[in-house]
Amino acid sequence: MSDFGERVLDVVETVPRGRVVTYGLIADLLGEGGPRQVGRVMATDGPAVTWWRVVRANGTLPPHLMTDAQLHWREERTPVVRGHVDLRRALWNPRDP
DNA sequence: CGTGTGACTGGGC
DNA sequence: GGCCCAGCCACAC
C-alpha cells in the first residue's frame with residue numbers, strides 16, 4: 001500500500017458516524033493526488049474501512065454500491081434525500097470539528 | 001512510448 | 001434533474 005493510500009484511509013477513519021466527505025475534499029485536504037487517485041484507493045482498499053462515508057460530489061456512489069451504502073446510511077442516521085446523501089447537512093469538513 | 005480506463009469534478013446547456 | 005466534455009493522473013497494455 002502506498003503512503004498516499006494510507007493517508008487517504010486515515011482521513012476516512014476520522015469521519016464520524018452519520019457524516020460523509022467527498023473524494024475531492026479528501027484530495028484537497030491531503031494536498032496531493034486528485035479525486036481519481038482517491039477513488040483508486042477506495043476501489044482497492046475501501047472494503048477495509050468505512051467506505052460508505054466517502055461519496056461523490058453529488059452525494060451518490062457508483063450503482064453497484066448504492067444498495068449496501070443505503071443500508072449503512074440508514075443505520076447511521078445519515079441525512080439522505082431521495083436515495084442519495086444530503087451533502088448540505090451530512091458533509092463533514094475535517095478542518096472544522 | 002502511445003492509448004485506454006476509471007469508487008472523479010466542475011462547467012456549459 | 002440530465003447529458004456532454006475537458007481536465008485530471010496513476011496504471012495496465
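In this structure the side chain of A/Ile26 reaches within 4.5 angstrom of the side chain of A/Val12, judged on heavy atoms. No side-chain heavy atom of A/Leu9 sits less than 4.5 Å from a side-chain heavy atom of A/Phe4. A/Leu61 has its side chain out of reach of A/His84: every pair of non-hydrogen atoms, C-beta onward, lies at least 4.5 Å apart.
With rounding to whole Å, A/Leu87 atom CG is found 14 Å from B/dC8 atom P. A/Tyr23 places its OH atom 18 Å from the P atom of C/dA10, with the value rounded to the nearest Å. The CZ-P distance, from A/Arg36 to B/dT5, rounds to 12 Å in whole Å. Put simply, CG on A/Asp28 is 16 Å from P on B/dC8, counting in whole angstrom units. In this structure, the CG atom of A/Asn58 is 12 Å from the C1' atom of B/dG10, given to the nearest Å. Rounded to whole angstrom, the span from the NE2 atom of A/His64 across to the P atom of B/dG6 amounts to 12 Å. The interatomic distance linking A/Glu32 (CD) with C/dC8 (P) rounds to 18 Å, in whole Å. Residue A/Arg56 contributes atom CZ, which lies 8 Å from atom P of B/dT9 at whole-angstrom precision.
Side-chain atoms of A/Thr60 never come within 3.5 Å of backbone atoms of A/Arg56 as a donor-acceptor pair (strictly under, hydrogens ignored). Remark: side-chain polar atoms of A/Arg53 are not paired, donor with acceptor, to backbone N or O of A/Val20 under 3.5 angstrom.
Taking every side-chain heavy atom of A/Leu61 into account, B/dA7 is the closest of B/dT9, B/dG6, B/dA7. Distances from the side chain of A/Arg40 to the nucleotides B/dT9, C/dA10, B/dG6 place C/dA10 closest.
Within the 4.0 angstrom heavy-atom criterion, no nucleotide atom of any strand lies near A/Gly34. Nucleic acid contact class of A/Ala43 (heavy atoms, under 4.0 Å, all strands): base.
A heavy-atom distance below 4.0 Å to DNA chain B is reached by none of the residues of residues 66-84 of chain A. For the segment residues 4-20 of chain A, no residue has any heavy atom less than 4.0 angstrom from an atom of DNA chain B.
A donor atom on one side chain and an acceptor atom on the other are found under 3.5 Å apart for A/Glu76 and A/Trp52.
No chain of hydrophobic side-chain contacts below 4.5 Å, direct or via other Ile, Leu, Val, Met, Phe, Trp or Tyr residues, connects A/Val15 to A/Leu71.
Note that CG of A/Asp86 is 11.0 Å distant from OG1 of A/Thr78, once rounded to the nearest 0.5 Å.
Using atom C1' as the reference point in both B/dC1 and C/dC13, the two lie 12 Å apart (nearest Å).
When all heavy atoms of A/Leu87 and A/Ala57 are compared, the pair lying nearest together is CD1-O, 2.9 Å.
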